[in-house]
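Below is one structure, written out as structure tokens; the observations come after it.
Nothing fancy with the numbering, it's 1 onward along the sequence.
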Amino acid sequence: MPQSLTQLHVHLVFSTRERQPFLTESIRPRVHAFMATVLRNMGSSYVVVGGVADHVHLLFELPKDRIPIEVVAVVKRETSKFVKTLEAGLDTFQWQRGYGMFAVSQSNRVKVEAYVRNQEEHHRQRTFQEEYREMLKRMGVAYDEQYVWD
């Protein structure tokens with residue numbers, strides 16, 4: 001086969017270090033837009049970003065020439081540097097060490113996109129920890145509670 005074709009949509013979730021509410025309403029749109037730009041610059045043609053003060057959700061097409069851990073590392077590194085420039089007091093900003101990344105089928109993509117876009121509404125009723133535990137359970141991912149949070 002002379003041509004390499006892929007269509008891998010992934011849902012990436014990660015939190016601020018210790019779930020500190022650094023991503024205030026005043027900076028959140030800029031941070032989300034910057035994340036989308038980083039992913040597009042890496043070759044993703046489809047990107048949706050959402051989140052609240054203490055975590056983000058990204059739904060994107062995994063570029064065919066990138067491995068997942070590389071994408072996560074670049075997004076975290078570049079956005080961390082960017083966040084620190086936005087306002088006074090953000091010089092201690094960090095992302096958590098870990099992340100969750102889940103495959104999204106084409107038939108489920110629209111539903112996951114709505115979920116990512118509506119994070120503020122969603123989190124009026126649930127914490128990040130409750131949401132993340134449910135995602136892990138729904139996806140069948142085994143985890144040790146002791147090592148999930150940092």
Side-chain angles (χ1 to χ4, degrees), residues 1-17 19-83 86 93-145 147-150:
M1 182 178 262
Q3 188 177 24
S4 299
L5 302 171
T6 66
Q7 185 181 56
L8 301 170
H9 290 98
V10 295
H11 181 186
L12 174 61
V13 183
F14 54 89
S15 157
T16 58
R17 183 72 175 233
R19 286 152 315 285
Q20 293 295 312
F22 282 115
L23 305 175
T24 62
E25 289 183 25
S26 66
I27 68 166
R28 196 174 310 139
R30 290 184 283 167
V31 174
H32 291 180
F34 188 83
M35 287 181 153
T37 299
V38 170
L39 284 165
R40 284 187 189 101
N41 288 345
M42 292 181 75
S44 183
S45 61
Y46 171 82
V47 181
V48 179
V49 182
V52 292
D54 67 350
H55 72 280
V56 294
H57 290 255
L58 300 93
L59 174 62
F60 61 97
E61 184 176 16
L62 186 66
K64 67 181 176 184
D65 61 345
R66 304 288 181 149
I67 58 173
I69 197 166
E70 174 192 14
V71 172
V72 174
V74 170
V75 169
K76 283 184 170 184
R77 181 183 65 238
E78 296 305 315
T79 56
S80 183
K81 290 189 290 188
F82 177 72
V83 168
L86 295 176
F93 176 84
Q94 292 182 10
W95 294 114
Q96 74 175 118
R97 287 181 303 228
Y99 61 91
M101 184 180 278
F102 310 99
V104 177
S105 66
Q106 183 64 24
S107 61
N108 213 16
R109 187 181 57 79
V110 171
K111 182 178 175 183
V112 176
E113 180 177 334
Y115 178 77
V116 169
R117 290 188 189 280
N118 293 309
Q119 282 295 295
E120 290 184 41
E121 179 66 30
H122 177 73
H123 283 289
R124 290 190 178 117
Q125 300 170 9
R126 312 172 71 182
T127 67
F128 172 64
Q129 290 93 330
E130 291 168 333
E131 171 192 49
Y132 194 63
R133 284 183 195 109
E134 183 180 310
M135 288 176 72
L136 294 172
K137 182 178 178 182
R138 190 172 56 245
M139 298 302 287
V141 177
Y143 67 96
D144 184 334
E145 184 78 24
Y147 300 107
V148 174
W149 317 111
D150 66 354

Rounded to the nearest 0.5 Å, what's the gap from [atom1] on [X] to [atom2] on [Y]? Could you check?
X: His123; Y: Gln125; atom1: NE2; atom2: CD; result: 10.5 Å
X: Arg40; Y: Tyr46; atom1: CZ; atom2: OH; result: 10.5 Å
X: Met35; Y: Lys76; atom1: CE; atom2: NZ; result: 9.5 Å
X: Met135; Y: Tyr143; atom1: CE; atom2: OH; result: 12.0 Å
X: Arg19; Y: Gln96; atom1: CZ; atom2: CD; result: 7.5 Å
X: Phe82; Y: Phe93; atom1: CZ; atom2: CZ; result: 11.0 Å

At their closest point, which heavy atom of [X] faces which heavy atom of [Y], and how far apart are they?
X: Ser44; Y: Val47; answer: OG-CG2, 3.6 Å
X: Arg109; Y: Val104; answer: CA-CG1, 3.7 Å
X: Val72; Y: Met101; answer: CG2-CE, 3.7 Å

Does a sphere of radius 6.0 Å around CD in Glu145 hold more than 12 heavy atoms from other residues, nucleotides or ligands, not counting ones at 6.0 Å or beyond? yes
Can you check whether Phe14 reaches Val75 side chain to side chain, under 4.5 Å on heavy atoms? yes
Note, Phe102 side chain near Val112 side chain (heavy atom, < 4.5 Å): no
Is there a salt bridge (Lys or Arg N to Asp or Glu O under 4.0 Å) between Glu130 and Arg133 once you walk through the steps? CA-CA 5 Å; Glu130 291 168 333; Arg133 284 183 195 109; over 6 Å; no
Sequence neighbours left out, what passes side chain to side chain donor-acceptor pair (under 3.5 Å) with Arg17? Give chain and number order. none
With distance as the sole test, does Thr16 use its side chain to make a donor-acceptor pair with the main-chain N or O of Pro21 at under 3.5 Å? no
Stepwise side chain to side chain contact (heavy atoms under 4.5 Å, CB included) check, Leu86 with Val31: CA-CA 9 Å; Leu86 295 176; Val31 174; 3.7 Å; yes
Is the shortest distance from a Lys or Arg side-chain nitrogen in Lys81 or Glu78 to a carboxylate oxygen in the other one below 4.0 Å? yes
Tyr132: partners by ring-ring contact (aromatic ring centres under 6.0 Å, His included), with sequence neighbours left out: Phe128, Trp149
Let me check something: any side-chain donor-acceptor pairs from residues 56-64 under 3.5 Å, sequence neighbours excluded? List them with distances.
| unit_1 | atom_1 | unit_2 | atom_2 | d |
| --- | --- | --- | --- | --- |
| His57 | ND1 | His11 | NE2 | 2.8 |
| His57 | NE2 | His55 | NE2 | 3.2 |
| His57 | NE2 | Gln119 | OE1 | 2.9 |
| His57 | NE2 | Glu131 | OE1 | 3.2 |
| His57 | NE2 | Glu131 | OE2 | 3.2 |
| Glu61 | OE1 | Ser45 | OG | 2.6 |
| Lys64 | NZ | Ser4 | O | 2.9 |

